[in-house]
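Here the structure is laid out as structure tokens; the discussion comes afterwards.
Side-chain atoms are counted along with the backbone in the values below, which use heavy atoms only and exclude waters and symmetry mates.
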Amino acid sequence: MGAHGSNLDAILEEDMHHWYNKFMRESPSGLITLFELKSMLQMKGMTEEASSYVDQIFLTFDMDGDGYIDFVEYIAAVSLLLKGEINQKLKWYFKLFDQDGNGKIDKDEMETIFKAIQDITRSYEIPPEDIVTLVYEKIDINGEGELTLEEFISGARLHSDIMDMLSKMMDLTHVLEIIVMGQRTTAVN
């Protein structure tokens with residue numbers, strides 16, 4: 001997780017009262033809306049894919065579906081992303097990829113998320129379609145062009161290169177760091 005991980009690990013070690021105060025300073029209502037999250041991340045000028053990706057992040061953090069991320073949901077998300085077990089993280093990644101909520105990830109859904117990640121990070125080393133092709137060649141054993149949660153988890157766990165790639169690309173510590181630390185930097189340098 002690099003530098004982001006070490007900064008957030010230090011935050012996690014602080015006492016909860018102090019951390020709560022930081023959260024409330026950034027979001028005095030105690031709730032973060034999708035609009036506020038996009039403002040924090042300075043989403044102006046981002047592509048539609050990047051905006052959709054942030055929408056999906058928001059929906060997965062908003063565990064009770066009330067349209068807000070509250071402090072408890074935020075703490076749960078941080079804990080999952082930083083300290084969660086591999087299976088928990090893979091379930092979270094699956095939920096993020098499964099944009100239509102049908103319990104399966106198709107190639108278009110995965111490609112859309114990878115394009116969005118690249119738009120946000122401005123890192124275009126590997127074309128998203130190449131990443132998707134690699135993932136599906138290795139873990140879509142039935143060749144259906146869709147992955148169920150079980151296929152996704154078992155396939156990712158079986159292939160360390162896929163797991164490493166997912167871990168790097170799906171690293172959201174920069175998003176969490178902006179929310180907690182109140183950094184107002186440009187979306188990407």
Side-chain angles (χ1 to χ4, degrees), residues 1-6 8 34 37-38 41 43 46-63 65 69 73 76-179 187-189:
M1 276 198 268
H4 292 299
S6 59
L8 284 168
L34 178 57
L37 179 61
K38 286 183 175 183
L41 298 174
M43 293 296 295
M46 283 288 164
T47 64
E48 190 174 322
E49 282 93 359
S51 183
S52 291
Y53 175 61
V54 174
D55 293 350
Q56 280 298 111
I57 291 172
F58 184 87
L59 291 171
T60 56
F61 283 3
D62 179 17
M63 295 169 199
I69 297 172
E73 289 167 328
V78 170
S79 296
L80 169 68
L81 293 173
L82 296 181
K83 306 290 184 190
E85 296 295 319
I86 290 172
N87 278 0
Q88 292 172 316
K89 287 183 180 183
L90 287 170
K91 284 178 186 174
W92 191 84
Y93 296 160
F94 184 88
K95 185 177 177 184
L96 193 60
F97 284 125
D98 184 17
Q99 295 175 333
D100 62 10
N102 71 350
K104 295 179 182 179
I105 305 169
D106 64 39
K107 292 179 179 182
D108 289 338
E109 287 175 316
M110 187 174 279
E111 190 174 321
T112 298
I113 294 296
F114 286 139
K115 281 181 182 174
I117 292 168
Q118 288 183 340
D119 287 341
I120 290 170
T121 62
R122 300 276 197 250
S123 173
Y124 301 98
E125 295 167 25
I126 305 170
E129 49 279 356
D130 292 354
I131 298 168
V132 171
T133 299
L134 174 70
V135 169
Y136 277 83
E137 282 176 358
K138 290 194 172 190
I139 66 177
D140 184 16
I141 296 169
N142 300 332
E144 300 165 322
E146 303 182 309
L147 299 173
T148 63
L149 176 63
E150 295 76 27
E151 284 177 304
F152 181 72
I153 290 175
S154 62
R157 290 186 63 110
L158 248 156
H159 299 281
S160 60
D161 56 336
I162 301 281
M163 195 66 218
D164 290 344
M165 181 209 46
L166 286 170
S167 295
K168 287 177 187 156
M169 288 199 77
M170 303 302 289
D171 181 10
L172 297 177
T173 53
H174 62 285
V175 174
L176 300 173
E177 195 169 60
I178 290 168
I179 294 169
V188 225
N189 291 324

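The line from OG of S160 to CE of M165 is 11.5 Å long, rounded to the nearest 0.5 Å. The CG atom of L147 sits 9.5 Å away from the NZ atom of K107 when rounded to the nearest 0.5 Å. To the nearest 0.5 Å, atom CG of residue L59 and atom CG of residue L34 are 7.5 Å apart. Atom CG of L134 sits about 8.5 Å away from atom CD1 of I131, to the nearest 0.5 Å. I113 contributes atom CD1, which lies 9.5 Å from atom CD1 of I105 (distance to the nearest 0.5 angstrom).
For the side-chain contact (heavy atoms from CB on, under 4.5 Å) test, residues two or more places apart in sequence or in another chain that qualify with T148 are K104, E150, E151. Checked against side chain to side chain donor-acceptor pair (under 3.5 Å), D55 has the following partners two or more places apart in sequence or in another chain: K38. Qualifying salt bridge (Lys or Arg N to Asp or Glu O under 4.0 Å) partners for E109, counting only residues two or more places apart in sequence or in other chains: none. Qualifying salt bridge (Lys or Arg N to Asp or Glu O under 4.0 Å) partners for D161, counting only residues two or more places apart in sequence or in other chains: K138. Scanning for side chain to side chain donor-acceptor pair (under 3.5 Å) contacts around Q56 gives an empty result, with sequence neighbours left out.
Note on K115 versus E111: salt bridge recorded, some NZ/NE/NH1/NH2 to OD/OE distance being below 4.0 Å.
Residues K91 and I153 meet the side-chain proximity criterion, which asks for heavy atoms closer than 4.5 Å. Between Y136 and M110 the shortest side-chain heavy-atom distance falls below 4.5 Å. By the 4.5 Å heavy-atom criterion applied to side chains, M63 and I69 are not counted as neighbours. Residues F61 and E73 are not in side-chain contact: their nearest non-hydrogen atoms beyond the backbone lie 4.5 Å or more apart.
The environment of L158 atom CG is dense: over 12 non-hydrogen atoms of other residues, nucleotides or ligands sit within 6.0 angstrom.
The salt bridge (Lys or Arg N to Asp or Glu O under 4.0 Å) contacts involving residues 92-103 comprise nothing, where partners must be two or more places apart or lie in separate chains.
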- prompt: When you look at I86 and M163, which way does the side-chain contact (heavy atoms from CB on, under 4.5 Å) test go after all the steps?
  reply: CA-CA 9 Å; I86 290 172; M163 195 66 218; 3.8 Å; yes
Verdict with reasoning, E146 to D140, per side-chain contact (heavy atoms from CB on, under 4.5 Å): CA-CA 7 Å; E146 303 182 309; D140 184 16; over 6 Å; no
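Ring geometry, F94 versus F152: the interplanar angle falls from 30° to 60°, so the pair is classed tilted.
For the side chain to side chain contact (heavy atoms under 4.5 Å, CB included) criterion with F97, the lone passing option out of T112, D106, L166 is L166.
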